[in-house]
Amino acid sequence: MSVETVTKTAPRNVVDHLDATAYHGNPYPVEEPMREPLVLGNPSLHDVTAKIAGIIEGKPNLKYWVAVLICASIAGAGFGAIGETVMTGIGVWGSNNTIGWAWDITNFVFWIGIGHAGTLISAILYLFRQKWRTAINRSAEAMTIFAVLCAGIFPVIHTGRPWLAYWLTPYPNQMQMWVNFRSPLVWDVFAVSTYLTVSALFWFMGLVPDLATVRNFVKGKIAKRIYTFFSLGWTGSMRNWHHYEVAYMILAGLSTPLVLSVHTIVSMDFATSVLPGWHTTIFPPYFVAGAIFSGFAMVMTLLVIAREILGLKEFITLKHLENMNKIILATGMMVGYAYSMEFFIAWYSGNEYERTVFINRAFGEYWWAYWSMVSCNVLSPQVYWFKKARRNIPLMFVISIFVNIGMWFERFTIISTSLHHDFLPSSWSYYTPTIVEIGIFVGTIGLFLTLFLLFSKYLPVIAISEIKGVMPGSQPTHHGDEHH
Amino acid sequence: MSEKKTVAVLGNFTDPNKIMEAAAKVHQSGYTDFDIYTPYPVHGLDKAMGVKRTILPYISFGGGMFGLSNAIFLIWWTGSVDYKLNIGGKPLFAFQFSIPVMFELTVLLTGLATFFGLWFLCGLPKWYSDLQDDEGFQRAVDDTFVLSIFSSDKRFSLETTERFMNEIGADNVRRIEA
């Protein structure tokens, strides 16, 4: 147990040199002192700086570089597969006339979904005043950006001529043509690029004060220059913090409907078509819940490893992991509800095509994909009804992997089962991925992990200023507006 | 060689309650050109300092309206004026199919306006500060609250300001010359 043991006692003052009388006789001035502390071990403010900036200042060991090399090689192989696709054409994929969308769109939706947890943590939990988010928001936001980058690769290469992908944007051109705003695919271009831009702005804005902290902490001349440049000369001026906090609130308020809109629009790629199995009104909420579900699973996978390797157990405590497991359970139940409701509506609608598609989905040629999805997404998180399971690290790691797999299968099931049996039985077909497609998907996993590894070494993995602000004793016990 | 001039008097605090009281006192004494450097936003400190409410929301709102109106104009003009294309008998322009792009462009432009508006209001990027060589000031992004009263303030006078800083409980009161 040791570090994992969370004491139920109220935390003592975090800043040791503080005058205890300043708390007007109340040694535990911060709200909700009886809750589990957000930071363990009562570090001082400087300890927090030293711990998190210390990761950047310290020299990475050989294992780190081996890990980077492996992930980067996988990413490189993926780019090789992309090269093969671009040079030869998308005929090197297993997609065929019947199944025109397969792994590429599955992977696109999968990665976009992964990103949603980051925005949920950074924006929605912020608006709900969930202070525990401060330990995990930075890494989750980083994950969002990297996941959206991976997602963007797929539609771009699926165009077949990725160098012309800019045709997807409306711009005056010599062909005198404009994009078709009645197409959900154009909505997607706007949704995904807005999502990437706003997430990156929000992330960078959050980083600036911490980069200033790192700037003053690192010793190396070049490192100091780089961090100085990117910290924009942040001084910690309260007059700046005043604007900053309002900006943070606005961006959080913007990101909240944005994150809901992105997967809603992604789901409309399917829902606005007239294919049985796709043409349903449940898709937007179902996709959003699934996205948050899969994103939290990915955050869990990464954080369980990161807190171990980077030694962040004081900051990313069992309480944080348990809270995330609760969200995984809740969103897992939501997707479970959506799966059953889809079946109910397929029967209740009386539409025989709809009914056939769903029977085929569960018991047809792709039964294995469907039942992998159900067992990973609906059954496996059920263990989280028990507190013991929610706080069991090896178990939560395994479940998070299950959920990642299950959510990938969800997208694959939706896409291929609705396509492979179309309205004309003579054109029914079956889809098997080729080695090139597998290579591209595995390559994006390598790219994602490479970026995350670099992030965890060169940027503050925990929002230093935010975590300082929620530590016990860091906020005044009375407020300035008492003075007239 | 130009002569060095005192630009500010600095004092340190480590207790959030004390810096709060000090901020209120500085504000009440009529100083306006002062600042407090903190490692994290201290709740209510801006109010105690008498900082005026930021105009950033108006900038954001302006950006949002710009994005929204541009989206409407873009979709309407390209679809029903410049390039009329009948697709499945759908109308050339309707709000129903325009909503997703209108929403996204509103959010995008609001986000950009907020981001750039923030740095504009903060006067950043600015990679040089008169205070940057002061060791205490450097710790303001780590674990210290630093109160700084600038010599450009009308009420500033070296001795009285220094005495005042000591009275309100600042540690290590010092002059910064530049």
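A note on names: the letters A, B, ... follow the listed sequences, proteins ahead of strands, and every chain is numbered from 1.
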Salt bridge (Lys or Arg N to Asp or Glu O under 4.0 Å) evaluation trace for B/E162 with B/R175: CA-CA 9 Å; B/E162 270 182 336; B/R175 299 170 186 182; 2.9 Å; yes
Residue selection (most heavy-atom pairs with chain B, distance under 4.5 Å) from A/Q176, A/E245, A/R182, A/M177: A/R182
Engaged part of A/P257 at the chain B interface, taking heavy atoms whose separation is under 4.5 Å: both
Proximity of A/W241 and A/Y244 rings by center, below 6.0 Å: yes
Lys/Arg-Asp/Glu bridge criterion (N-O < 4.0 Å) met for A/R239, B/D46: no
Under 4.5 Å from any heavy atom of chain A - which part of B/F34: both
Top contributor to chain A contacts, counting heavy-atom pairs under 4.5 Å, from B/G111, B/C122, B/P41, B/G50: B/P41
Student check: side-chain heavy atoms of B/L74 and A/P170 closer than 4.5 Å: yes
Contacting region of B/L112 [heavy-atom separation from chain A under 4.5 Å]: both
Ring centres under 6.0 angstrom apart (A/F287, A/H116): no
Heavy-atom proximity to chain B below 4.5 Å, by part of A/E466: neither
Portion of A/N180 that has a non-hydrogen atom of chain B nearer than 4.5 angstrom: side chain
Among the listed options B/G117, B/P125, B/A140, the residue most often paired with chain A at heavy-atom distances under 4.5 Å: B/P125
Check: A/F202 ring centroid to B/F115 ring centroid under 6.0 Å: no
Segment of A/V189 engaging chain B (4.5 angstrom heavy-atom cut-off): neither
Toward chain B, the part of A/F217 with a non-hydrogen atom under 4.5 Å: neither
Geometric class of the B/W77/A/W178 ring pair [parallel <30°, tilted 30-60°, perpendicular >60°]: perpendicular
Heavy-atom proximity to chain B below 4.5 Å, by part of A/N216: side chain
When A/M238, A/M249, A/M268 are compared by non-hydrogen pairs under 4.5 Å with chain B, the top option: A/M238
Side chains of A/T49 and A/K468 in contact at under 4.5 Å (non-hydrogen atoms): yes
Charged N-O contact under 4.0 Å between A/D47 and A/K51: no
Close side-chain approach of A/Y248 to A/M205, heavy-atom, < 4.5 Å: yes
Chain B contact via A/T197 - which portion, at a heavy-atom distance below 4.5 Å: side chain
Interchain contact, B/T78 with chain A, by part (heavy-atom threshold 4.5 Å): both
A/I265, part contacting chain B, at a heavy-atom distance under 4.5 Å: side chain
B/P57 versus chain A, the contacting section by heavy-atom distance below 4.5 Å: both
B/L131, part contacting chain A, at a heavy-atom distance under 4.5 Å: neither
Heavy-atom proximity to chain B below 4.5 Å, by part of A/L258: both
Heavy-atom pairs under 4.5 Å with chain A, option from B/V107, B/L56, B/V51 with the top count: B/V107
Evaluation steps, salt bridge (Lys or Arg N to Asp or Glu O under 4.0 Å), between A/R138 and A/D210: CA-CA 11 Å; A/R138 173 68 43 73; A/D210 289 356; 3.0 Å; yes
